[in-house]
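Scroll down for the structure; my scribbles are underneath it.
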Protein chains: 2
Amino acid sequence: MKMERSPASEALTIGELAALFGLATHVIRHWEAVGLVTPAARVNGRRRYHPEHITRIAMIVQGKEAGFGLAELREILDAPDLVTRRALVERHHAALERRIAEAQAAKVMVEHILDCPIADFTHCREFQRIVQRIAVPVPLLAPADAPYQSRLEPGNDEL
Amino acid sequence: MKMERSPASEALTIGELAALFGLATHVIRHWEAVGLVTPAARVNGRRRYHPEHITRIAMIVQGKEAGFGLAELREILDAPDLVTRRALVERHHAALERRIAEAQAAKVMVEHILDCPIADFTHCREFQRIVQRIAVPVPLLAPADAPYQSRLEPGNDEL
DNA sequence: CTACAAGTTGACGTTAACATGAAGTCAAGA
DNA sequence: TCTTGACTTCATGTTAACGTCAACTTGTAG
């Protein structure tokens, strides 16, 4: 066995850091490339990470699992001051609540499919009632200036 | 004004269907290309949609908002029989609950950032406690056969 | 009849977030 | 010293889900 432990007492190599989260090293390098993480120093060109990087990576992993993009996470994590961060986080907090609500709405739909006795559930009146609240969102309001709005993939309009 | 209503009584053009959901027509064509939707018929080459397509599109929109991919949605919607569909939907139901749980965990994290009085919240002990439960997930268990598992983007392992 | 809006296909471009491969450097055990 | 494994940079490939563009046909208002 070779390279069992990091040389310096409390410094991690990229491989060790990645192993902590079951990530590939190239993923961490990618995150570095987009400005999400930065190694504390280089030893012979090799990246060295400190314990605070573990927290950082944990936050990124968590954030990603919640559906945030790398750019969004960078914004939050690199906010220069309390005020800025609070504003950003509040925005994202709202987005999170929306996401949860949406997932729960989908869960209701899915649960009805599980319970619906009708063979082709698309003919189930109750199911259609659940689902049709989604339709007709912008049909009459479209002022003909905005060609289309995608609606999916929140984008920037609501964040 | 031109082309106010569809010719046949209860048939929609692709433009009308798209407008119902604020989608672009090319999105619906794309969904058709990947087998998610199929027009009822063609009238001189033009796609015609029936009311059941509205339900279908609504389900797709809903499913997408919950984070499902087009391929997953196709699986559910095209399940040949009740049993198959139930199995698929139960799988996705579990995935949904996981997703909700993850989003709520992220919300806890984000809410702590909002409440934490410490300037650099990454130094907050309580925050680190919340976040570090995420770390060290596979470090000692990795059997060295699986190079890495991505962990992010559920993929297929858990579905 | 003419314009024009809406529809058609097909090809190619975009964005996010990696994945993969090549070619070379470095550190340590046998 | 030789080998091996972890690391380096740089470049290119991949997947999902569209977006964009061009060149053409169709249907209806005026």
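Here is the naming used below: chain letters follow the sequence lines, and residue numbers restart at 1 for every chain.
The separation between B:W31 atom CH2 and D:dG19 atom C1' is 14 Å, rounded to whole Å. Per the geometry, NE2 belonging to A:H26 stands 16 Å off P belonging to C:dA22, to the nearest Å. For the pair A:L23 CG and D:dC7 P, the computed distance is 13 Å after rounding to whole Å. Between A:F68 atom CZ and C:dC18 atom C1' there is a gap of 20 Å when expressed in whole angstrom units. Between the CG atom of A:L36 and the P atom of C:dA17 there is a distance of 9 Å, given to the nearest Å. A:R29 has its CZ atom 12 Å from the C1' atom of C:dT20, to the nearest Å. Atom P of nucleotide D:dC18 and atom CD of B:E32 are separated by 14 Å, given to the nearest angstrom. Rounded to whole Å, the distance from CD1 on B:I28 to P on C:dT9 is 13 Å.
Phosphate proximity of C:dG7 to B:R47: absent, as no side-chain N or O sits under 4.0 Å from OP1 or OP2. In this model, the phosphate group of D:dT26 is not approached by any side-chain N or O of B:R42 to a distance below 4.0 Å at OP1 or OP2. Proximity of B:K64 to the phosphate of D:dA16: no side-chain N or O atom is located under 4.0 Å from OP1 or OP2. Side-chain N/O atoms of B:H30 include none lying less than 4.0 angstrom from OP1 or OP2 on D:dC18. Checking the phosphate oxygens (OP1, OP2) of D:dT8, no side-chain nitrogen or oxygen of A:R48 falls inside 4.0 Å. Look at B:T13 and you'll find a side-chain N or O under 4.0 angstrom from OP1 or OP2 of C:dG7.
Here B:E90 pairs with B:R86 in a salt bridge; the nearest charged N to carboxylate O distance falls below 4.0 Å.
Along DNA chain D, the nucleotide nearest to B:V43 and the one nearest to B:L70 differ in position, and the one closer to the 5' end is contacted by B:L70.
A:I54 is listed as a side-chain neighbour of A:L20, based on a closest heavy-atom distance under 4.5 Å. The shortest side-chain heavy-atom distance between B:I28 and B:Y49 falls under the 4.5 Å cut-off. The shortest distance between side-chain heavy atoms of B:F68 and B:R74 does not fall below 4.5 Å.
Clustering ILVMFWY residues whenever any of their side-chain heavy atoms sit less than 4.5 angstrom apart, transitively, puts B:L88 in a cluster other than the one holding B:L70.
Side-chain to base pairing of B:R46 with D:dT25: one donor and one acceptor N or O lie within less than 3.5 Å of each other.
Of the candidates D:dG19, C:dG7, C:dA19, D:dG19 carries the atom nearest the B:V27 side chain, counting heavy atoms from C-beta on.
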